[in-house]
Amino acid sequence: MRAMTYRGPYKVRVEDKDLPSIEHPNDAIVRVTMGAICGSDLHLYHGLMPDTRVGHTFGHEFIGVVHEVGGSVRNLQVGDRVMVPFNIFCGSCFYCARGLYSNCHNVNANATAVGAIYGYSHTAGGYDGGQAEYVRVPFADVGPVLIPEWMDDEDAVMLTDALPTGYFGAQLGDIAEGDTVLVFGAGPVGLFAAKSAWLMGAGRVVVVDHLDYRLDKAREFAHAETFNFVEYDDIVVEMKKQTDHLGFDVAIDAVGAEADGNLLMHVTSAKLKMQGGSPVALNWAIDSVRKGATISVMGAYGPLFSAVKFGDAVNKGLTLRMNQCPVKRQWPRLFEHVQSGYLKPSDIITHRIPLEHIAEGYHLFSAKLDGCIKPLILPSAA
Amino acid sequence: MPYTPHKPPLAETTEQLRARIPGWGADLDPQDRPSTPKLDLREDLTGAHWEFPERQPESRPRERSLEHAFLTPVFGTAQPTRGLSGAIRKVAYERYSEARAAHWLLLIAADRVDAVEAHVGSLARLRPDNPVTETGVQAELTHRGLSSRLGRKRADVHHQALDPFLVAGPFIAAAGAAVAARSLIRGAGRD
Ligand SMILES: NC(=O)c1ccc[n+]([C@@H]2O[C@H](COP(=O)([O-])OP(=O)(O)OC[C@H]3O[C@@H](n4cnc5c(N)ncnc54)[C@H](O)[C@@H]3O)[C@@H](O)[C@H]2O)c1
Ligand SMILES: [Zn+2]
Ligand SMILES: [Zn+2]
């Protein structure tokens, strides 16, 4: 089969690989019909995530058709059209039993601090991902769900990570009616977080980024007010002015490890790998909220330390909430919101790239060229 | 103002927001949101028909975190450890828990070694790495590389200039390793 493979920082190519096989009785093999590149993939692509091995196939956002099932699989049949959450999870461990699917303890031998994610390095379990024609899907009775008849394929792909993560991010903000909500990052996660904040009754939603084309999208798609941080000498002071010097009730970090806005922080983390991630957006969030506020962190950070302004968080009495998104837990409600038309996830898709051209796809998404917000990946066998 | 008891008023009323934004308030009740409460016991185990899953066979020794009691019942087998990078990775897993910086620093070092090994190996095999096609820089030409950056207030253009060095690093190291290996072999031949 054809599969994207990692060759080292900033380099990927498409290779012939063996078809994945059933390695556990509850495995399924899924033929991928549509996938996507996520902002998280950029952390791998830039060589930021420890134990990202050459030859690894990325991709944790995909839908497809069941091609083969293991002996103990009961809930799926060959030919079923399925959407697969980005988390790999067992359903029965302490965490899964309580709905924390993203924190499953039975699937990641390499680390206890993170669950398993398709195509997300060995630190996240060592599973090849879905930017390929076929993919191994462990615990086929637990993770995947049949794509409802009424749902568009492109919406289904957005439901495997970006939309649930944004929606989860808004939930972890503990938004109360009339709250002012500040979202850092106007990528897919930030856009969906901003949009979801309204569903939870936000009274005002502000989005900060430095890419004007994405801020345009935040105004149009997420009905938000926007600020380009490059235009301000100090974005934190501007956020204070915007709230009559109180600060925001809630902030959401939808940027993560490669945050811009402070060259030293960006270069020491994203380029030199001396920090687990650039804490610029998280620090801005800490300083832009009011005392007693809640910060929700959806941005991904590496396992090493980052220079987070923890003292300010303590002294302001902040609540910090965070996790990888337990995708399947969001689905029943999100299906309702998509069906009712409150959310149209495919609206943020900007590029549809054949798998064979994935190297260009990575470059244009990474360098933010051509108005790129969300690129889909289309395998040839689809 | 934070200097007085009341929150600053909002520009729009609830009715105005509801009229302007589709779905406004659909999830207003904090108790009725999918991830509340955080720990929410699921009696049906989300489709799992086991309390502890069957174990995937360990066909070759699999590295694992020291913080695990045993090898997890299911694990990825995508890229087994090999070569020098593999040896470094094994040390990282066998000696240091996730709590130790040494664990992660060794894994990052192994990643850099892995890239060099791969480039050297690709020269020896039929498919040498191609820095042009693999970095996807053609997209600069086909997807408005210049106009996406020029005249725009973007914070990332300053450090994007560093990227070519990050790309070139492993190639230069691989070339160095190849030269060193050749002179070693020659040197050995002379004895
Ligand atoms: N927790 C989860 O489950 C989960 C799931 C998916 C993605 N993520 C993470 O969420 C983050 C965003 O993902 P995405 O797909 O939207 O990525 P993306 O790269 O498309 O978006 C990130 C955005 O942040 C902007 N940005 C950079 N520095 C900033 C700053 N200082 N302030 C404000 N904005 C800044 C960038 O210009 C970009 O628009 C990533 O870190 C990703 O790994 C987490
Ligand atoms: Zn993702
Ligand atoms: Zn589990």
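Chain letters run A, B, ... following the sequence lines, proteins first, then strands; residues in each count from 1. Please read these numbers as outputs of a predicted model, since none were measured by experiment.
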A.B. asks: Any sub-3.5 Å donor-acceptor pair from A:Glu225's side-chain atoms to A:Arg204's backbone N or O?
C.D. replies: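 No; judged by distance alone, with no hydrogens or angles, the pair does not exist.
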A.B. asks: Side chain, backbone, both or neither: which part of B:Leu66 has an atom under 4.5 Å from a heavy atom of chain A?
C.D. replies: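 Neither part, no heavy atoms under 4.5 Å.
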A.B. asks: For A:Glu336, which atoms come within 4.5 Å of any heavy atom of chain B: side chain, backbone, both, or neither?
C.D. replies: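 Neither; nothing under 4.5 Å.
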A.B. asks: Does B:Lys7 pair with A:Asp179 as a salt bridge, N-O distance under 4.0 Å?
C.D. replies: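 A:Asp179 and B:Lys7: salt-bridged.
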A.B. asks: Write down the atom of A:Thr57, the atom of B:Gln79, and the distance for their closest heavy-atom approach.
C.D. replies: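 So the two residues come closest at N-NE2, 4.3 Å.
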A.B. asks: Check whether B:Thr135 reaches the backbone of B:Val132 with its side chain - one donor and one acceptor, N or O, closer than 3.5 Å.
C.D. replies: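 Judged by distance alone, yes, a pair lies under 3.5 Å.
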A.B. asks: Below 4.5 Å from any heavy atom of chain B, which atoms of A:His105 appear? Answer side chain, backbone, both or neither.
C.D. replies: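 Both backbone and side chain.
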A.B. asks: Where does B:Val116 contact chain A at under 4.5 Å (heavy atoms): side chain, backbone, both or neither?
C.D. replies: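 For B:Val116, neither part sits under 4.5 Å from chain A.
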A.B. asks: Where does B:Tyr93 contact chain A at under 4.5 Å (heavy atoms): side chain, backbone, both or neither?
C.D. replies: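 For B:Tyr93, the contact with chain A is made by the side chain alone.
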A.B. asks: Given the options B:Pro30, B:Ala78, B:Gly47, B:Pro22, which has more heavy-atom pairs under 4.5 Å with chain A than any of the others?
C.D. replies: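 Highest number of heavy-atom pairs under 4.5 Å: B:Ala78.
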A.B. asks: Which atoms of A:Ser340 come close to chain B, meaning under 4.5 Å heavy atom to heavy atom: side chain ones, backbone ones, both, or neither?
C.D. replies: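 Neither; nothing under 4.5 Å.
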A.B. asks: Tell me, for B:Leu39 versus chain A, whether the close heavy atoms (under 4.5 Å) come from the side chain, the backbone, both or neither.
C.D. replies: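 Its backbone and side chain both get close to chain A.
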A.B. asks: Can you tell me which portion of A:Lys195 sits under 4.5 Å from chain B's heavy atoms? Options are side chain, backbone, both or neither.
C.D. replies: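 Neither; nothing under 4.5 Å.
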A.B. asks: Answer with side chain, backbone, both or neither: which region of A:His337 has an atom nearer than 4.5 Å to a non-hydrogen atom of chain B?
C.D. replies: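 The answer is the side chain of A:His337.
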A.B. asks: What part of B:Arg100 gets within 4.5 angstrom of chain A, counting heavy atoms only: side chain, backbone, both, or neither?
C.D. replies: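 Neither the backbone nor the side chain of B:Arg100 comes within 4.5 Å of chain A.
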A.B. asks: Side chains of B:Thr36 and B:Gln31: donor-acceptor distance under 3.5 Å anywhere?
C.D. replies: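 No - no donor-acceptor pair under 3.5 Å links their side chains.
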A.B. asks: Heavy-atom distances under 4.5 Å only: say whether A:Asp249 touches chain B with side chain, backbone, both or neither.
C.D. replies: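 Just its side chain gets close to chain B.
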A.B. asks: Given a strict heavy-atom distance threshold of 4.5 Å, which part of A:Ala202 is in contact with chain B: side chain, backbone, both, or neither?
C.D. replies: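 Contact with chain B: backbone only.
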A.B. asks: Anything in residues 139-155 of chain B with a heavy-atom distance to chain A below 4.5 Å? Please list those residues in order.
C.D. replies: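 Against chain A, the residues of residues 139-155 of chain B that fall inside the cut-off (heavy atoms, under 4.5 Å) are B:Ala139, B:Glu140, B:His143, B:Arg144, B:Gly145, B:Ser148, B:Arg149, B:Lys153, B:Arg154, B:Ala155.
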A.B. asks: Without hydrogens or angle criteria, can the side chains of B:Glu134 and B:Asn130 be said to hold a donor-acceptor pair below 3.5 Å?
C.D. replies: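 Judged by distance alone, the side chains do not pair up.
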A.B. asks: Can you say whether B:Thr77 sits under 4.5 Å from chain A via the side chain, the backbone, both, or neither, judging by heavy atoms?
C.D. replies: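 For B:Thr77, heavy atoms of backbone and side chain both lie under 4.5 Å from chain A.
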A.B. asks: Side chain, backbone, both or neither: which part of B:Thr81 has a non-hydrogen atom closer than 4.5 Å to chain A?
C.D. replies: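 Answer is both: backbone and side chain atoms of B:Thr81 are under 4.5 Å from chain A.
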A.B. asks: Where does A:Tyr167 contact chain B at under 4.5 Å (heavy atoms): side chain, backbone, both or neither?
C.D. replies: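 For A:Tyr167, side-chain heavy atoms alone lie under 4.5 Å from chain B.
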A.B. asks: For A:Tyr6, give me all partners under ring pair (Phe, Tyr, Trp, His ring centres under 6.0 Å), at least two apart in sequence or on another chain.
C.D. replies: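 For A:Tyr6 the ring pair (Phe, Tyr, Trp, His ring centres under 6.0 Å) partners, ignoring immediate neighbours, are A:Phe58.
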A.B. asks: Is A:Asn108 in contact with chain B via its backbone, its side chain, both, or neither, using a 4.5 Å heavy-atom distance?
C.D. replies: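 Just its backbone gets close to chain B.
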A.B. asks: Quick one: what part of A:Leu199 sits under 4.5 Å from any heavy atom of chain B, side chain, backbone, both or neither?
C.D. replies: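 Both parts, backbone and side chain.
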A.B. asks: Which one, B:Lys38, B:His49, B:Met1, leads in non-hydrogen pairs under 4.5 Å with chain A?
C.D. replies: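 The answer is B:His49.
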A.B. asks: In terms of side-chain heavy atoms, does B:Arg62 have a donor or acceptor partner in A:Asn110 at a distance below 3.5 Å?
C.D. replies: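 Short answer, yes.
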A.B. asks: Does a side chain donor of either A:Asn228 or A:Asp209 reach within less than 3.5 Å of an acceptor in the other side chain?
C.D. replies: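 Result is no, nothing qualifies.
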A.B. asks: Please classify the contact of A:Leu100 with chain B as side chain, backbone, both or neither, using a heavy-atom distance under 4.5 Å.
C.D. replies: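 For A:Leu100, side-chain heavy atoms alone lie under 4.5 Å from chain B.
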A.B. asks: Determine whether the side chains of A:Asp128 and A:Tyr118 contain a donor N or O and an acceptor N or O closer than 3.5 Å.
C.D. replies: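 Checked: A:Asp128/A:Tyr118 side chains show no N/O donor-acceptor pair below 3.5 Å.
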A.B. asks: Given a strict heavy-atom distance threshold of 4.5 Å, which part of A:Ala116 is in contact with chain B: side chain, backbone, both, or neither?
C.D. replies: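 For A:Ala116, there is no contact with chain B at all, as no heavy atom is under 4.5 Å.
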A.B. asks: Given heavy-atom pairs under 4.5 angstrom as the criterion, report whether the side chain, backbone, both or neither of B:Ala118 touches chain A.
C.D. replies: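 The answer is both parts of B:Ala118.
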A.B. asks: Using heavy-atom distances under 4.5 Å, tell me whether B:Leu71 contacts chain A through its side chain, its backbone, both, or neither.
C.D. replies: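 The side chain, not the backbone.
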A.B. asks: What orientation do A:His56 and A:His122 show, parallel under 30°, tilted 30 to 60°, or perpendicular over 60°?
C.D. replies: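 A:His56 vs A:His122 ring planes: tilted.
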A.B. asks: Measure centre to centre between the rings of A:Tyr10 and A:Tyr45, then say whether the value is under 6.0 Å.
C.D. replies: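 Yes, close enough.
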A.B. asks: I'd like a table of donor-acceptor pairs (distance under 3.5 Å, sequence neighbours excluded) in which one partner is a side-chain atom from residues 90-99 of chain A, with atom names and distances.
C.D. replies:
residue	atom	partner	partner atom	Å
A:Ser92	OG	B:Trp50	NE1	3.2
A:Ser92	OG	B:Glu51	O	3.2
A:Arg98	NH1	A:Phe94	O	2.9

A.B. asks: Please flag which part of A:Val267 lies under 4.5 Å from any non-hydrogen atom of chain B: side chain, backbone, both or neither.
C.D. replies: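 The side chain, not the backbone.
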A.B. asks: With B:Trp104, which residues qualify under ring pair (Phe, Tyr, Trp, His ring centres under 6.0 Å), at least two apart?
C.D. replies: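 Ring pair (Phe, Tyr, Trp, His ring centres under 6.0 Å) check on B:Trp104 returns nothing, list empty.
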A.B. asks: Which bit of B:Leu41 comes within less than 4.5 Å of chain A, counting heavy atoms only: side chain, backbone, both or neither?
C.D. replies: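 Both the backbone and the side chain of B:Leu41 come within 4.5 Å of chain A.
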A.B. asks: Using heavy-atom distances under 4.5 Å, tell me whether B:Arg18 contacts chain A through its side chain, its backbone, both, or neither.
C.D. replies: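 Neither the backbone nor the side chain of B:Arg18 comes within 4.5 Å of chain A.
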A.B. asks: Checking A:Asn75 against chain B: side chain, backbone, both or neither under 4.5 Å from a heavy atom?
C.D. replies: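 Side chain of A:Asn75 only, per the 4.5 Å heavy-atom cut-off to chain B.
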A.B. asks: If you count heavy-atom pairs within less than 4.5 Å of chain A, which of B:Leu107, B:Val74, B:Leu45 leads?
C.D. replies: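 Heavy-atom pair counts peak at B:Val74.
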